[in-house]
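First comes the structure, then the notes that go with it.
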Amino acid sequence: MRDQIEKYEARLLADRSAFPGKIAFAAQDDTLLADGNPELARLCGDVLSSLSCLGIVAARPSLPFADFLVRRAPRTESRIVPRDTETRTFLHDIPFLRREELGDAAAEKIALLLGNRKGVIVEGIGIVANGTVTVEHAYINYSSVFHAVFVKYLLDALAEGFLLPGERDAFRAFREEWLQPISAEGIPFRSGPLADTGEILEEIAAVGRHTVERGLVDSFFGNISYRSGNIVYISQTAASLDELPGRIDPVPMDNSSTTGITASSELLAHRRIYEASGASAILHGHPKFTVAMSMLCEEKDCPIKDCWKECDRVRSLAGAPVVAGEIGAGGLAKRVPPVISSPRKAVVYGHGVFTVGETGFAEPFRDMVALEGLCREEYFRRLDEKLSG
Amino acid sequence: MNGSPTIGWRGKLLHIDLARGTARTEDIPRDLLLGYLGGRGLGVRLLRETYHLDPFHPGMPLVFAVGPLCGTAAPTSARLAAVSRSPLTGTVYDCSAGGRFAYRLKASGYDAVRIVGKSPVPAILSITPAGAELSAAGALWGKPIGETVRALEGGGSVAAIGPAGENRVLFACIMMGEGNAIGRGGLGAVMGGKNLKAVVVDGDLPVAVADKTRFGRARQDVMRLFRASPVIFGELGIAEFGTPALVDLMRQRRMAPTENFRRTVFEGSGNYSGPAIRKAYRPKKDGCFGCPIQCKKSTQEGMHLPEYETVSHFGALNGIDDLHAIVRSNALCNELGMDTISAAATLAAWGEGRGRFPAAEEVEGLLADMGYRRGEGDLLAQASRRVAEAMGHPELSMSVKSLELPAYDPRGAYGMALAYCTSNRGGCHLRAYPISHEILRKPVATDRFSFSGKARIIKIAEDTNAAVDSLVACKFSFFGATLEEYAELLSAVTGEEYGPQMLKEIGERIYMTERFYNCANGFDARDDRLPARFFREPGSGGEGIEIPPIDEKRFEEELLKYYRIRGLTPEGAFSDPDFLGKLP
Ligand code: SF4
Ligand SMILES: [Zn+2]
Ligand SMILES: [Zn+2]
């Protein structure tokens, strides 16, 4: 288990979601093991010992957005409700504890909340998340909360501006220091068509690693596939994009085998996209600015209440069509294929991007990078406009 | 608090004494409902005074219990648990089943029916909101399931035994009229021992929901997770192909038990895979009442098609690749009222023992002989452990606590290996169900060839599933949803606040109660053993996957760890003889 803890601590640092030195994990087997920042480790241990879970992580996020959201929330509230797809599907909402509620029984109070949820925000401490099955599970839940908070804060700041002392400075630091340019430069993509299975598997795995290393997606979110003849090679469900070797399922287009029951929940969407576009490569990820921007709808007096699943309009974002639709069998698979063919990319409301390539991954990778770049620019343009106006 | 009103639950138990021919309604104390939920938990709790009795003792109750979600629109919750002591394993035993019976039982005004005594003549029990009635089974005694159900279904939903139950075949099941089975563990024989041919229930009392808005939201959350789950609503998932969707996967993972677990890949498995069944039968969707998943499949004429474990065991385990013969074997077991897994596994053990597995065309005759206990069938009716012992080769029974292992080779998933042994009802895949993460990657993947962390994972999953079996919801829901959403449903229905951690604690109470009963009946660590084959012989590796024998020392270590985590002694026993006295 110690190796697991080390691995996921390194992950939190690599994807820059947690503050160096402010990370701790605990895991329990027949004994309890806590590691990392001593104070947080003690907290983790205390919380975990009263939960039926295998692992837990407590870390201070690398950005102060979670604390800001808590402090911006009305005094009567005890949870934040992000509206991105990831949260609506898996987290529902995120409970929080305010600094002054903690008192001396912090661990007890956190355990009580965490006994009901996958992750919580504790003001002044950070995000605490649990994993029923593995340490990785706790890491994934941390990532989900981090992602949700990131997207929600971007949207709230855009809607309401800065409300708290220190927010403006922190945001400037985020914009100028934390954010790094993303690019597809220097990645040696294989040019297609890829014929040999080994080559296909290697290329999918390499592309997955690049999406994470270039900061396009957090490692857990997204899926990748390549079609060769009658077979779609697709990343498995709950597989980290930077750990795909051995986690890619070959699925026949005609459903003559069900081995791919472990394939990504977006298998159906990928298949339909191949049928509609004639493409050979599909990249799907959840870059944060694109997700945030996709949720801004300018429509006035729209009768639709639940835009993320019910909106049947096709909007446009930086040259990409935006459609609604839930994960898996939830409508996304129906709405994306008809719009993706000629722009070679599509955005799903509150969810992420699909990009396609004729024969290889160079084109979809560049398109995803470009789209996220444009969304980032557009976000800051609107924010600046809002703050100055 | 006893006796105060409850929402969601009925708070009523129907007590039937077949020997006296009496029926009596009792209040179920509120703290038992809050603390054991329903289904498995409530049923197990209701055995506290009698768990030491022999399974065939007239005083041993057979309990049918529904849960607080039954009768609401909570997905996959129109289910019940049957609970008693198993004549096959000797352990306390519960088994969950769908169909309309559960929902009608709840609609007749009860959370549970407890049946004791032995009827002087074969009997039928009818339950409606107006009360219970016993009548003579007459000519129905001796009849197969289909005929019995057709004769009785005018009166409501039917749970019946076939010839196998009447003849006390040790793995006889109780069949629901809609084709669902209270399959494993021989509770059909318990019912037969009571001279009870069938129970018929009807009713139309609605179930109140404390907070409808909250309930609606929680239900939507569950449905969204179902749609996001490849295993449930994915194109290759169980809603499309039924559980035989696993045939191809288990073959690819090289863990499909073949020829009585001598090998783990069967060349002919493609003949009965999900796609093969679809091609041959053009099946329609079928399933439990009100379930949105509808994972069962049946022919256009309405005949039920077999589940994964059944096709694999009548197939690979016996070296048979004839789909139609497999489908007929399944249908015959359903008619006789016999567990398909134990029946097929018993044939395989017997086949290995005599040096020849049964041929496809022999199987039906052998199954009929088992059900009627004719000739060789009389021995086979006692299931694999007793058969293998009688043949002088006890090692050929691929069972744990006498319950035959289903179609997941433990050499291919170490959590499964451990879970077979720690399961309170013996070699069953559904207790901790590590296949979910070891193979299907839900909620996240774990390394199937590692024991690391598995003891704790198994413990948590056993507790979780004990709660699920008490709600009573279907395990398949949890390929998508989690206890979080089900706790919301439960809170919304009952108006009591439940959360995942609390449900796991309830599950732990239920699991430990069962373990305590078993220990008091003589079970200990020596019964938590896998057949030696798995530690000595490799499975069939290939295609880059190796299936070595399980490292026995490492296995032992993890089992001891499990006992420590459970607070048991190294012998797997309780140090506190008054353990039960401290529980509600
Ligand atoms: S998923 Fe299948 S077994 Fe479970 S309740 Fe639904 S139909 Fe029944
Ligand atoms: Zn996605
Ligand atoms: Zn809209």
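Residue numbers begin at 1 in each chain, while the letters A, B, ... track the order of the sequences. Only heavy atoms go into these numbers, but all of them, side chains included; no hydrogens, no water, no symmetry mates.
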* Who wins among A:Leu112, A:Asn255, A:Thr134, A:Thr132 for the most heavy-atom pairs under 4.5 Å with chain B? -> A:Asn255
* To do: For chain B, find which of A:Ser264, A:Ala333, A:Gly115, A:Gly328 contributes the most heavy-atom pairs closer than 4.5 angstrom.
  => A:Gly115
Which region of [X], side chain (C-beta onward) or backbone (N, CA, C, O), has a non-hydrogen atom less than 4.5 Å from a non-hydrogen atom of chain B, or is it both or neither?
X        : result
A:Val135 : neither
A:Ser257 : both
A:Lys309 : side chain
A:Arg271 : side chain
A:Gln28  : both

* Using modelled atom types only, decide if a donor and an acceptor are shared between the side chain of B:Arg227 and the backbone of A:Ile327 within a distance under 3.5 Å. =>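 No: the side chain of B:Arg227 does not pair with the backbone of A:Ile327.
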* Asked: Has the side chain of B:Arg441 got a donor or acceptor atom that lies under 3.5 Å from a matching backbone atom of A:Thr237?
  -> yes
* Asked: Just one of A:Asp249, A:Thr258, A:Ile261 clears the side chain to side chain contact (heavy atoms under 4.5 Å, CB included) bar with B:Leu249, so which one?
  ->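 Result: among A:Asp249, A:Thr258, A:Ile261, A:Ile261 is the only option passing the side chain to side chain contact (heavy atoms under 4.5 Å, CB included) with B:Leu249.
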* Straight-line distance of A:Lys118 NZ to B:Glu484 CD, nearest 0.5 Å -> 3.5 Å
* Asked: Would you call A:Leu51 and B:Gln501 a side-chain contact if the rule is heavy atoms closer than 4.5 Å?
  -> yes
* Asked: Do A:His92 and B:Glu485 meet the criterion of a side-chain donor-acceptor pair at a distance under 3.5 Å?
  ->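 Side chains of A:His92 and B:Glu485: pair found under 3.5 Å.
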* For B:Asp248 and A:Thr259, does a side-chain donor sit closer than 3.5 Å to a side-chain acceptor? -> no
